[in-house]
Amino acid sequence: KAVHFAAAVEMIHTYSLIHDDLPCMDNDDYRRGKLTNHKVYGEAMAILAGDALLTDAFAVAATSGNVKGIAVLAECAGSLGMVGGQVLDIMSEHRECTEDEVLAIQSRKTGALINAACVLGTIAAGGSEEQIRAAGMFARALGLAFQIKDDILNYAGTDSVGKPRGVDILAQKISSAGGSGLTIGAINVNVDGASGINNVGGVIVQKIDEALRNYQLQQSRGIGGAY
């Protein structure tokens, strides 16, 4: 029951990466150490590839026959979700954002598709409204943790994990890790720009991984509350 939605989410995710790398967006030449789509096939083909993946994703999702799930997918991928987050991200360039603005961007640009994955799985399994809400709450927390980790790796990681290291700094993008302080759960680290992140980034990423593993372990044992 979930395979149609799982495939659709991955198709939308792939389209978003192709378009995100375009010169008019983030202008990235590499992703995970390999040339981006438009560098290999040209900008026109990259745009069309993304368009096709997005459109075909809904054809795949429609085979599930689950109208409620299709509506959730559309909301998470569209102007109220991922696309809207990308708009806010573009509007945030070259200026300092408030914490609320950063969270709004990340909850939509990154968190919306994670929310779709979690909620659609629950819907496909026949979950109750309470379980669907719980899946959404967990997804929002997971999405924020993922984005914080991604931002830290942009400062302190290697080019093989995603975009070339430091590319968002060069583009003057404001991220969760770029402020004067960073709070993750019980971890509170005061940093000052990329040099501070470089020193503590590995520790924070490790803590995030540990927290996510612990949560997964608790769920597998049937313990722990909803997020």
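No hydrogens, no waters, no symmetry mates; every other heavy atom, side chains included, goes into these values.
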- Item | Sidechain-backbone polar pair: R140 side chain, I114 backbone, donor-acceptor under 3.5 Å | no
- D89 vs R108 side-chain heavy atoms within contact, under 4.5 Å: no
- Roughly how far, to the nearest 0.5 Å, is the NE2 atom of H19 from the CG atom of D51? 4.5 Å
- Query: Are L120 and L142 grouped together when hydrophobic residues (ILVMFWY) are joined by side-chain heavy atoms under 4.5 angstrom apart?
  - Reply: no
- Query: Are M45 and L35 connected in the hydrophobic side-chain network, where two residues link if heavy atoms are under 4.5 Å apart?
  - Reply: yes
- Can you check whether Q86 reaches M25 side chain to side chain, under 4.5 Å on heavy atoms? yes
- Query: Closest heavy-atom contact between L22 and A46?
  - Reply: CD2-CB, 3.9 Å
- Query: So, T122 side chain and G127 main chain: donor-acceptor pair closer than 3.5 Å or not?
  - Reply: no
- Query: Atom OG1 of T110 and atom CG of L144: how far apart are they, to the nearest 0.5 Å?
  - Reply: 9.5 Å
- Does V102 belong to the same Ile/Leu/Val/Met/Phe/Trp/Tyr cluster as M82, with side-chain heavy atoms less than 4.5 Å apart forming each link? no
- All heavy atoms of N115 vs all of C76, minimum pair found to be ND2-SG, 3.6 Å
- Side chain to side chain, D26 and R31, heavy atoms closer than 4.5 Å: no
- Note on the structure: All heavy atoms of V60 vs all of A8, minimum pair found to be CG1-N, 4.4 Å
- Query: Roughly how far, to the nearest 0.5 Å, is the SG atom of C118 from the CD1 atom of I132?
  - Reply: 12.5 Å
- d(H13 NE2, L113 CG) to nearest 0.5 Å is 6.5 Å
- Taking a hydrophobic cluster as the set of Ile, Leu, Val, Met, Phe, Trp and Tyr residues connected by side-chain heavy atoms closer than 4.5 Å, whether directly or through intermediates, do L17 and I105 fall within one such cluster? no
- Query: Are side-chain heavy atoms of P23 and E43 found at a separation under 4.5 Å?
  - Reply: yes
- Query: Is the CD atom of E75 crowded by more than 12 outside heavy atoms at less than 6.0 Å?
  - Reply: no
- Can you find a pair of side-chain heavy atoms, one from D20 and one from K109, that are under 4.5 Å apart? yes
- Query: So, do F5 and N66 sit near enough that their side-chain heavy atoms are less than 4.5 Å apart?
  - Reply: yes
- Between A61 and S64, what is the shortest heavy-atom contact and its length? O-OG, 2.6 Å
- Query: Roughly how far, to the nearest 0.5 Å, is CG of N37 from CG of D28?
  - Reply: 13.0 Å
- Query: So, do L73 and I12 sit near enough that their side-chain heavy atoms are less than 4.5 Å apart?
  - Reply: yes
- Same cluster or not: are M11 and F58 linked, directly or through other Ile, Leu, Val, Met, Phe, Trp or Tyr residues, by side-chain heavy atoms under 4.5 angstrom apart? yes
